[in-house]
Amino acid sequence: MKSMKLIFLVLFSVMMLFVFTACNSNEQATDDETTEQTNSAFDQANADLEEALAPLPEKDTGVKVAAIESTLANSFWVTMQKGYEDAAKDWGITVKVFATDSETDTQGQLDIMNNCLSQDYDAIAVSPLTELNLIPGIVAANQASVPVVAVGNGVNEDALAKANGKIAAFITSDFKAQGTMGAEYVIKQTDGKGKVAVIEGIPGATQSDARRDGALEAFNKAGMDVMPVQTGNFDAQTAYDLASALIDANPDLVGITCGNDVMALGVVEALKDKEMKDKVIVVGVDFTEEAAASIKAGDLDASVAMSPYLFGKAGLLCALKAVQGQEISDTVIWTPLCLVTADNLDSMEGWK
């Protein structure tokens, strides 16, 4: 971000040539081998994160941090909350995690931030619902000398600069690559032939737009017949209704990619009710616990996994560094991004 003094990017590799061995192995492992693979991969990602943030912030400083997420009805954000809270325990400081009632409550999220500014928090970590909704809160925090870090979802750099606002750090992922990976799986499973659909989350939300664009580019490049983009607002019931209408109008549909697992699971239920699930490949993003259970049951075909836990930890550590006046280096860390299917599901035990 041009207007930032300090930017920290946590990007997830699109390539399958990374430390997460289980993601590109089709061999069956014993329970002990699986645990060792998964733990070593996560431990490596965690070690890479800490190395990129070195020197790490001082511990037991009495700092209080507020973290503002999206709805905790989505287990992705629950896992991120755990990342914040565990890191706070390890560093001997206090963190309180706030969440909106829904994925679309943009004003409610801004209200939460303004309320935090009226209290004695030393720093605030935010995951904006859109690129614009928290800009007034960020500017207010700047005026109060409270550092702000953005975690996962970004802020529109031009609008923030125009408002004379800044953030101390940005922790993010390659969201477009996530959409690309999901679409490429559908392409592979269908030999690149047939009708496909993309269900986006909330238009204007950083991760939603990028995942949508990544999927669309991959489908179009493969020459597939792409239906108009459907907007699911990260909601399962909305996605269910959209999928029902899509399959009624296009019974020859062969694949659907979704902006998150919540919508993907809604799509799965719609297809099951239409007795069409075995004819349509469905892919989500986030690899939530619910998605893992659905893959195991043979319903959801795939989900793109990343680590919301490390998002939370990185957000907490960057907030502490900002409070302590430490430099946050402009560093890129490549940590595992994995497409999870029934073939490698067992090897994902313990990933968070």
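When reading the values below, keep in mind they use all heavy atoms of this one structure, side chains included, and skip hydrogens, waters and symmetry mates. For clarity, every value in this text was computed on a predicted model and none was experimentally measured.
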Handout entry: Pair listing, side chain to side chain donor-acceptor pair (under 3.5 Å) test, anchored in residues 140-152, at least two apart
Key =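 For residues 140-152, and leaving out neighbouring residues, there are no side chain to side chain donor-acceptor pair (under 3.5 Å) pairs at all.
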
Exercise for the section: Enumerate the residue pairs fulfilling side chain to side chain donor-acceptor pair (under 3.5 Å) with a member in residues 131-141, sequence neighbours excluded, ordered by first and then second residue. Expected result: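 Sorted pair list: Q109-N133, T130-N133.
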
Exercise for the section: Please name the residue in the list N233, L242, V282, T231 that meets the side-chain contact (heavy atoms from CB on, under 4.5 Å) test with I199. Expected result: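 Output: one option passes, namely L242.
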
Problem - Side chains of S70 and E103, donor plus acceptor under 3.5 Å - result: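 A pair is found: one side chain offers a donor N or O, the other an acceptor, under 3.5 Å apart.
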
Where is the tightest heavy-atom contact between [X] and [Y], given as atom of each residue plus distance?
X	Y	result
V63	I93	O-CB, 3.3 Å
G284	L300	N-CD1, 4.3 Å
P203	S208	N-OG, 4.5 Å
A305	V340	CB-CG2, 3.8 Å
T100	S102	OG1-O, 2.7 Å
Y84	A125	OH-CB, 3.5 Å

Is the shortest heavy-atom distance from the side chain of [X] to the side chain of [Y] under 4.5 Å?
X	Y	result
P251	I247	no
V95	L316	yes
E289	V78	no
V149	I167	no
V151	M80	yes
Q189	Y185	yes
C258	V283	no
D301	T341	no

Quick check: is [Y] connected to [X] through a chain of hydrophobic side chains (ILVMFWY, heavy atoms under 4.5 Å apart)?
X	Y	answer
V262	V285	no
I135	L129	no
L265	Y240	no

Non-neighbouring partners of [X] that pass side-chain hydrogen bond (donor to acceptor under 3.5 Å, both in side chains), sequence neighbours left out:
X	answer
K352	none
Q230	none
T238	D235
D191	none

Practice task
Would you sort out whether V196 and I256 count as a side chain to side chain contact (heavy atoms under 4.5 Å, CB included), showing the intermediate values?
Solution key: CA-CA 6 Å; V196 290; I256 301 176; over 6 Å; no

Exercise for the section: Using the side chain to side chain donor-acceptor pair (under 3.5 Å) rule, take Y309 and N46 through it: C-alpha gap first, then chi angles, then the decisive distance, then the call. Expected result: CA-CA 10 Å; Y309 183 90; N46 183 61; over 6 Å; no

Under 6.0 Å from the [atom1] atom of [X], do we count more than 12 heavy atoms belonging to anything else shown?
X	atom1	answer
K59	NZ	yes
Q119	CD	yes
N114	CG	yes
K64	NZ	yes

Problem - Audit row: S173, F311, side chain to side chain contact (heavy atoms under 4.5 Å, CB included) steps and yes/no - result: CA-CA 9 Å; S173 172; F311 266 5; 3.6 Å; yes

Any residue meeting salt bridge (charged side-chain N to carboxylate O under 4.0 Å, His left out) with [X], in chain and number order, not counting sequence neighbours:
X	result
D248	K274
D278	none
D299	K272
K82	D86

Problem - N-O pairing of K195 and D252 below 4.0 Å - result: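 Salt bridge flag = yes for D252 with K195.
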
Practice task
May I ask you to say whether E50 pairs ionically with K313, meaning some side-chain N is under 4.0 Å from a carboxylate O?
Solution key: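 So E50 pairs with K313 through a salt bridge.
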
Tell me whether [X] contacts the main-chain N or O of [Y] through its side chain, where contact means a donor paired with an acceptor under 3.5 Å.
X	Y	value
N153	T206	no
S303	F287	yes
W91	D60	no
N115	S118	no
T190	V186	yes
N250	L253	no
D261	T288	yes

Practice task
Can you measure from NZ (K96) to CD (Q81) and round to the nearest 0.5 angstrom?
Solution key: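 Rounded to the nearest 0.5 Å, the NZ-CD separation comes to 9.0 Å.
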
Problem - Those residues that, when tested against D241, pass side-chain contact (heavy atoms from CB on, under 4.5 Å) (two or more places apart) - result: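 side-chain contact (heavy atoms from CB on, under 4.5 Å) check on D241 returns Q237.
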
Practice task
In sequence, state the C-alpha distance, the side-chain angles, and the governing distance for F219 and E184, and then conclude on side chain to side chain contact (heavy atoms under 4.5 Å, CB included).
Solution key: CA-CA 8 Å; F219 282 142; E184 288 179 343; over 6 Å; no

Exercise for the section: Kindly determine whether I124 and I68 satisfy side chain to side chain contact (heavy atoms under 4.5 Å, CB included), including the steps that lead there. Expected result: CA-CA 8 Å; I124 300 177; I68 305 172; 3.9 Å; yes

In a table with atom names and distances, give each donor-acceptor pair under 3.5 Å that connects a side chain of residues 209-217 to protein atoms at least two apart or in another chain.
residue, atom, partner, partner atom, Å
D209, OD1, G204, N, 3.1
D209, OD1, R212, NH1, 3.3
D209, OD2, G204, N, 3.3
R211, NE, Q178, OE1, 2.8
R211, NH1, G259, O, 2.7
R211, NH2, Q178, OE1, 3.0
R211, NH2, D286, OD1, 3.4
R212, NH1, E200, OE1, 2.8
E217, OE1, K176, NZ, 3.2
E217, OE2, K176, NZ, 2.9

